[in-house]
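The structure under discussion appears below in the form of structure tokens.
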Amino acid sequence: METKRSVLMQKYELGRLLGQGTFAKVYYAKNIKSGQSVAIKIFDKEKVTKGRLSDQIKREVSTMRLVGHSNVVRLYEVMATKFKIYFVMEYAKGGELFNRVAKGKLKEKVARKYFQQLISAVDYCHSRGVYHRDLKPENLLLDDNGNLKISDFGLSALAETKHQDGLLHTACGTPAYVAPEVISKTGYDGVKSDIWSCGVILFVLLAGYFPFADSSLIEMYRNISNGKYKCPNWFPAEVCKLLLKILDPNPNTRISIAKIMENSWFKKGLNSSSKKCEVDIMDIVLLDVETAFRSDAKQEQESIKPSNFNAFDIISLSAGFDLSGLFVESDHKIEALFTSRHTASAIISKLEEVAKFVKLKINKEGGLLKLEGLKKGRKGLLSIEAEIFEVTPSFHLVEMKKSSGDTLEYQNTLKHHIRPALKDIVWTWQGDHQLQQPQEQQQQQQL
Ligand code: ATP
Ligand code: MG
């Protein structure tokens with residue numbers, strides 16, 4: 001039944017069902033053009049749109065598109081049709097980590113490797129303001145090299161909208177991995193509850209069973225709330241000590257990731273070049289840039305037919321599931337273009353003023369203006385190039401792009417500091433347009 005071949009958006013050939021979660025089905029698929037294997041997670045819009053998506057969730061999913069860590073399943077693309085949302089993700093060929101644990105507990109060294117990779121990935125995503133909230137076996141996958149890949153980072157938040165009407169609780173199985181403060185619904189800090197789940201995962205890897213499992217659900221809740229579990233006798237003493245700090249029911253005193261990383265057991269066998277886990281995500285961003293640049297307002301209206309829409313357009317047209325905030329085009333661009341009706345010298349002096357204001361050093365190199373950060377970010381010094389093209393002496397086109405540093409830092413600087421500060425000299429920013437909804441689409445949505 002599920003093996004019927006179909007092609008999605010003329011781009012992906014859908015294959016077998018890889019798995020099914022609470023809210024979505026995940027299929028294997030192949031990019032027809034490149035032959036690349038991907039996993040496509042398909043949500044029914046209906047099932048996830050009960051609650052309005054919070055800005056936090058929109059920001060997280062949007063950030064996930066910019067996140068590159070070798071232990072996090074990458075989110076390549078988001079697409080949508082009227083009834084479904086598709087997340088095109090990296091395919092983790094090795095399947096679920098817990099299929100391995102199901103065959104028996106892991107050796108200390110192996111468990112530690114996975115735990116190190118888990119913590120490194122969680123730390124990275126947290127540094128981007130993205131929380132998992134649903135770290136559990138089904139979301140820990142392996143690639144062909146046996147490395148851990150966490151899936152659903154930020155995406156589980158989509159399903160979380162369900163929490164509000166209580167449906168998540170009935171829909172989910174046992175909350176064995178969930179932190180006490182999440183169960184008690186007192187509102188919680190995503191960082192702290194992810195740390196808790198990492199502790200449960202470490203326990204399960206080494207023990208082969210759950211720390212809080214009990215015959216009754218009530219008893220299990222009680223054990224979680226009290227942090228009551230027992231380390232089996234084969235656990236190294238150092239691990240028991242570390243777990244005590246992680247599985248602390250009080251989120252305020254629970255150990256931080258930074259402290260876990262300083263732990264001597266944790267550090268064993270860890271090579272110092274662990275930073276290389278952060279991978280370059282330029283290619284994903286470029287994909288988006290391409291579509292973003294194609295959607296020039298005028299062209300789009302002339303050739304408006306669904307197959308030509310990119311994901312952003314489709315999603316922004318679907319009123320039932322307001323994801324528009326996720327895909328503000330300017331959030332994903334490496335380049336930013338603006339036009340100005342000022343002279344080149346006026347533009348240059350404005351850029352100098354702005355650089356000073358946002359604490360960037362400015363250099364003139366050839367025909368370029370270089371704006372450089374003063375201190376190193378996650379991926380080195382941020383450097384932005386601005387190039388001014390003369391159309392007429394009083395009409396210029398200015399291209400700004402990142403030449404080095406962290407993409408997210410660049411985009412934040414551009415969006416929150418540079419763009420607002422340039423408003424006096426900018427005539428238009430490329431991409432600043434409102435897509436008009438075709439009439440029939442609007443009518444359909446009102447049904
Ligand atoms: P939940 O709905 O709470 O997230 P879940 O994690 O079990 O539960 P899905 O995220 O929908 O559900 O995934 C279902 C299954 O599909 C996973 O358990 C996994 O086996 C498989 N799967 C998910 N993502 C990938 C991927 N990127 N590569 C390979 N297999 C995947
Ligand atoms: Mg999942």
Side-chain angles (χ1 to χ4, degrees), residues 62-63 65-66 68 77 280-301 310-313 327-374 376-435:
S62 165
T63 305
R65 295 165 60 76
L66 297 172
E77 196 172 4
D280 205 344
I281 42 125
M282 274 324 191
D283 50 338
I284 312 179
V285 180
L286 276 173
L287 244 168
D288 293 343
V289 170
E290 204 187 288
T291 48
F293 268 71
R294 245 192 286 131
S295 57
D296 168 67
K298 287 192 198 84
Q299 282 177 16
E300 196 76 66
Q301 274 161 27
N310 63 47
F312 310 115
D313 304 332
F327 309 111
V328 180
E329 286 171 355
S330 57
D331 270 0
H332 299 293
K333 285 181 188 171
I334 295 171
E335 294 151 314
L337 278 175
F338 68 83
T339 52
S340 172
R341 294 165 110 172
H342 290 254
T343 60
S345 59
I347 296 169
I348 292 169
S349 54
K350 188 71 190 179
L351 283 168
E352 283 169 342
E353 195 184 299
V354 169
K356 213 166 166 190
F357 173 69
V358 297
K359 301 207 168 55
L360 294 170
K361 216 167 56 201
I362 193 156
N363 289 316
K364 286 180 202 162
E365 269 180 37
L368 286 177
L369 282 173
K370 259 194 155 174
L371 286 74
E372 276 179 334
L374 301 175
K376 278 195 176 165
R378 257 192 114 88
K379 289 187 186 162
L381 269 188
L382 176 67
S383 166
I384 303 171
E385 283 173 6
E387 195 168 0
I388 305 173
F389 302 92
E390 181 179 276
V391 183
T392 72
S394 62
F395 189 79
H396 293 85
L397 180 71
V398 182
E399 184 188 64
M400 304 193 72
K401 63 173 179 240
K402 189 196 88 169
S403 57
S404 69
D406 182 83
T407 305
L408 196 67
E409 186 188 347
Y410 159 70
Q411 287 177 338
N412 284 335
T413 309
L414 190 68
K415 187 169 164 193
H416 301 296
H417 303 293
I418 299 182
R419 281 182 64 130
L422 283 176
K423 72 174 189 326
D424 295 344
I425 59 152
V426 170
W427 189 46
T428 53
W429 282 97
Q430 166 134 6
D432 274 357
H433 65 270
Q434 220 42 72
L435 236 162

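The basis for the numbers below is simple: all heavy atoms, side chains too, and nothing from hydrogens, waters or symmetry mates. Residue indices begin at 1 and follow the sequence shown.
Here the shortest heavy-atom pairing between Y410 and K401 reads OH-CA, 3.7 Å. Closest approach of I388 and A344 over heavy atoms only: CD1-O, 4.4 Å. The nearest pair of heavy atoms linking A421 to F357 is CB-CD2, 4.3 Å.
Under the 4.0 Å criterion applied to side-chain N and carboxylate O atoms, K356 and E353 are not assigned as salt-bridge partners.
With rounding to the nearest 0.5 Å, the separation of OG1 in T407 from CG in L414 is 12.0 Å. Rounding to the nearest 0.5 Å gives a distance of 4.5 Å between NZ of K364 and CD of E352.
No side-chain heavy atom of L371 sits less than 4.5 Å from a side-chain heavy atom of T413.
If you run side chain to side chain contact (heavy atoms under 4.5 Å, CB included) between H342 and each of I348, D424, I425, only I425 comes through.
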**OP:** Evaluate the side chain to side chain contact (heavy atoms under 4.5 Å, CB included) criterion for residues E372 and L360: first the C-alpha distance (whole Å), next the side-chain angles of each, then the deciding distance (0.1 Å), finally the verdict.
**Re:** CA-CA 5 Å; E372 276 179 334; L360 294 170; 5.9 Å; no

Original post:
Yes or no on side chain to side chain contact (heavy atoms under 4.5 Å, CB included) for M400 and L351, after CA distance, side-chain angles and deciding distance?
Top reply: CA-CA 11 Å; M400 304 193 72; L351 283 168; 4.2 Å; yes

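For the pair S404 (side chain) and L381 (backbone), a donor-acceptor distance under 3.5 Å is present.
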